[in-house]
Amino acid sequence: YIKYWLSSLSLFAPEAKLCLVGTHRNQVESEIAQVSTDLFQTALMAHPCRENVIMNRTSAHEVLCYFPVENSIVQDEGIGHLRAAIEDACARDSRVNLRVPPLTLALLDALRRGTADSDAQRMSYQRARELAKVSFGIAEDGLRACLGLFHELGMLLWFDDMIVLNPQWLISNISKVVRDFDVHAVTLKDATMLAHSEDLDQLKRNAIVTAPLLQALWKDNTRQECDVLMELMTKFNMLVALHRRSDEPQAHLVPALLPYSLSIQNPRVHSDALVIRSNVYTGPQSEAGRAECYVVFSLVGISNFRSDNGCGGAVSVTELEKKGFMPYGLFSRVLAECVRHVQSESAQASHALPDLSRTEVLLRFGSISIRLQVFEHISAIRVSCPASAAYLALQTVLLAFQTTLDAYYGKMKVTTVLPIDTAHFLPLAVVESYRQNRQSFVFVNNLRIDLDGLFPFLFPHGLLDAYDVMLSYREDCDSAFVENLARALLRSMHQLAVFYAPWSLQPGRCLQDDFCAAIARTHVAVPVVSIHALLTIKPPEQVDNLLLEWKLMLCLKAAGRLARVLPIVLGSTWCNPSRSDSDSQPTISSIEDMITWIGTTASLDAPCTKTNDALRSVCARFGVCCEPGLGTARATMAGLMLFYAMDTQNPRNAGPRDPSIFNVLMAEIARAVRNADEERSISQRDGHVPKRANIDRDCVFPGFTPSDALICALLFALLFFLLSNDPPVSFGSFVC
């Protein structure tokens, strides 16, 4: 209990001073010092808020971390000591002695008076800016400073473009929706509420509130004020807009009113003790074809309380119970993000909700089902999903978690751990390090733990047999953009196999061979073209691997071995921030700028001697003609831009820096993969589709299969046997 509230204060009020108070002092008079020692060691010593605790220094012999009081005595000296400590802390607080200009207070009075067409409940930020500038000569920076101060002191509430002048108005109206209807019943006496009795029953039973019911609950407010209330509740995930049929009224999900769990359907059950009793970690749960992991929340990060004393980097359940922290309401907000994601990704989910509760949720993306369960005693959420799609499912869930933390819990840390026995977990990062070191087991408390079953949540290591998408780009200038695009593709739930070099390449192998092999196994190739990538092409006497990839794409496409080539043209603003020369480069903001620059840049006419030699060698391995890829860099770019021009319906120009472009590109690439699959199915049905090369995934040289390797080994063994004879066999006998 104490740990939870200390963590809450540290998260939401990190600068606040706090006093710990122990009541009924007369019952523990002889143990006051020991209670202080135990409290400090168990709750305060390693806690982030330790520096904010006001120590009790009233005794000349000892310092206590709390104030013992006898609350049955009015004039108790402990209460006097507590009062004095609070007064001293307030006197030292900089905000108490803050000097505020009279103009600032005059602005506050003017804001509270509101506008002529409002009863001082709310005001737009634009109106406040005009009022501050015209009436008080306060610039926008000064206004934002004033609003921040007023918001911090609770004089008003400021949410970006909306200012709530009366906080109690906001709380009162929210509580008309989010409430315990058994304790605070809604009266149905008036005709307005009687007309919405069915909608009210649906709210109590299914946690779904319709727009007409909201209007009835907020009948004392104007239409604009109702819109403001709905906007703010949606912003803080207290409401989640639902997709409805055209003949149904708009509706919202109210996560706080959901049933307690999928098995306990009473929405009014809210005891924290029930959470602990219903979901207690007892060890790994074996489900056929499924994998599980736990996402742990804390203030300090799991690496700060992991001990390696013979545990192989494992974390104990006891440590998680002591130092983990999951704020109340976090799962409801995560649930809201998941519902939005399901509705945006799946057309079938437009009229149906996942199985939802306040402690458990079952999400469905086509054939993939993801179950989330709260384990409050270890501050974790269990993620269970099909083992075949474990990595993809985990990335989708982590996106919802991180979005929630960034919006509402800025200092929270999230770590993924994998269960290994009834008392220990292994962090996912530790499992990845073991895999990189080719370690297949670890000892935890002298017990051998096999790691093979923990690998599904890791990104597939090494080359796959086939890829839906390959991302080809220049590492030192375009990696930031491509990483965001790769993550968007992975979390899209289109189940795309994506080749992205930092995740897909296996250390110790020939990078050039693996890149070329990946292109040959790819359905849709996505070259990322930027001016910075073209300006850093290597001289003719060196092989430029990026240019080699693009040339190979042209050859494979001409041979019918590559379904699609989708170039993405990057504007200058997308260059990596670490590039010091980005400001001196020409500005590219559109496809026309890029085509013009390619056509007028003389450096692209230099011969690509070594790169073309490498292309001939690679094409010979794949058995394709190298002629389409030979030529200068300008000729290669002209070939790529031809594929861009052929697909004018979906332009892929990432000009000005806009994060929303990743969702656009993700949808377009997924559509291209789907269309290519359909065309391939038609071609296979008609019997005139070229066969994909038979490439072994663990082979460096494409086309060189394990059976080829076995034949070569036998021939070398025979050669060694013949040459080692004394005397050696004749040349004619050797040939025979």
Side-chain angles (χ1 to χ4, degrees), residues 1-23 25 28 31-69 77-100 145 148-154 296-307 315-316 318-330 376-380 404-415:
Y1 178 84
I2 293 178
K3 184 206 76 170
Y4 178 87
W5 284 109
L6 289 177
S7 298
S8 296
L9 286 169
S10 181
L11 177 63
F12 297 112
E15 298 179 2
K17 298 295 183 180
L18 61 123
C19 296
L20 300 179
V21 182
T23 58
R25 185 189 60 200
V28 291
E31 303 174 10
I32 289 178
Q34 186 60 44
V35 169
S36 178
T37 301
D38 294 343
L39 180 61
F40 184 83
Q41 291 179 348
T42 58
L44 289 178
M45 185 165 61
H47 203 280
C49 73
R50 183 183 65 179
E51 300 298 327
N52 293 341
V53 175
I54 299 175
M55 306 302 285
N56 183 356
R57 305 179 185 276
T58 55
S59 173
H61 306 290
E62 57 188 359
V63 177
L64 304 178
C65 65
Y66 75 106
F67 289 82
V69 301
E77 63 175 356
I79 296 178
H81 295 155
L82 176 61
R83 183 184 299 111
I86 294 174
E87 291 175 350
D88 180 66
C90 290
R92 296 172 182 271
D93 195 310
S94 60
R95 285 164 293 193
V96 174
N97 300 311
L98 182 66
R99 299 174 66 87
V100 180
L149 175 64
F150 300 154
H151 180 92
E152 183 180 359
L153 298 179
V296 179
F297 301 88
S298 64
L299 287 175
V300 295
I302 205 168
S303 60
N304 291 327
F305 55 85
R306 187 175 73 244
S307 60
V315 182
S316 68
T318 304
E319 285 295 301
L320 295 183
E321 290 176 340
K322 288 181 179 179
K323 299 178 181 178
F325 172 56
M326 182 187 296
Y328 182 77
L330 183 147
E376 190 172 276
H377 69 297
I378 57 174
S379 302
T404 302
L405 295 185
D406 292 343
Y408 308 105
Y409 311 98
K411 293 187 176 182
M412 291 286 296
K413 304 291 190 301
V414 58
T415 308

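By the 4.5 Å heavy-atom criterion applied to side chains, Leu18 and Leu6 are counted as neighbours. Looking at Ser36 and Phe40, their side chains never come closer than 4.5 Å, going by heavy atoms from C-beta outward. Residues Leu405 and Leu330 form a side-chain contact, since some pair of their non-hydrogen atoms from C-beta on lies under 4.5 Å apart. Contact of the Asn52 side chain with the Leu9 side chain is not registered, since no non-hydrogen atoms from C-beta on lie closer than 4.5 Å. At a threshold of 4.5 Å between non-hydrogen side-chain atoms, the residues Met412 and Pro327 count as touching. Leu64 is not listed as a side-chain neighbour of Ser59, based on a closest heavy-atom distance of 4.5 Å or more. Side-chain contact check for Cys65 versus Leu44: some heavy-atom pair is nearer than 4.5 Å. Side chains of Ser7 and His47 form a contact here, defined as non-hydrogen atoms less than 4.5 Å apart.
In terms of heavy atoms, Leu82 sits closest to Cys19 at CD1-CB, 3.9 Å. Taking all atoms of both residues into account, the shortest heavy-atom contact from Thr42 to Asp38 is OG1-O, 2.7 Å.
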Checking Arg25 against Val69 for the side-chain contact (heavy atoms from CB on, under 4.5 Å) test, could you report, in this order, the C-alpha distance in whole Å, the side-chain angles of both residues, the deciding distance, and whether it holds? CA-CA 5 Å; Arg25 185 189 60 200; Val69 301; 5.8 Å; no
How far apart are the C-alpha atoms of Thr415 and Val315, what are their side-chain angles, what is the distance that settles it, and do they pass the side-chain contact (heavy atoms from CB on, under 4.5 Å) test? CA-CA 11 Å; Thr415 308; Val315 182; over 6 Å; no
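Atoms NZ and CZ, on Lys411 and Phe12 in that order, are 12.0 Å from each other to the nearest 0.5 Å. Phe67 CZ to Ile32 CD1: the interatomic distance, rounded to the nearest 0.5 Å, is 13.0 Å. The line from OG of Ser298 to CD1 of Ile378 is 12.5 Å long, rounded to the nearest 0.5 Å. To the nearest 0.5 Å, atom CD of residue Glu51 and atom NZ of residue Lys17 are 8.0 Å apart. Separating the CE atom in Met326 from the NE2 atom in His377 is a distance of 10.5 Å, to the nearest 0.5 Å.
Remark: side-chain polar atoms of Asn97 are paired, donor with acceptor, to backbone N or O of Ala91 under 3.5 angstrom. Judged by distance alone, the side chain of Arg50 and the main-chain N or O of Met45 form a donor-acceptor pair under 3.5 Å.
By the ring-ring contact (aromatic ring centres under 6.0 Å, His included) test, Tyr408 is found to be paired with no residue, residues two or more places apart in sequence or in another chain being considered.
Within 6.0 Å of NZ on Lys3 lie more than 12 heavy atoms contributed by other residues, nucleotides or ligands. Around the CD1 atom of Ile2, the shell of radius 6.0 Å holds no more than 12 heavy atoms that belong to other residues, nucleotides or ligands.
Side-chain rings of Phe325 and Phe297 stay apart, their centers remaining 6.0 Å or farther from each other.
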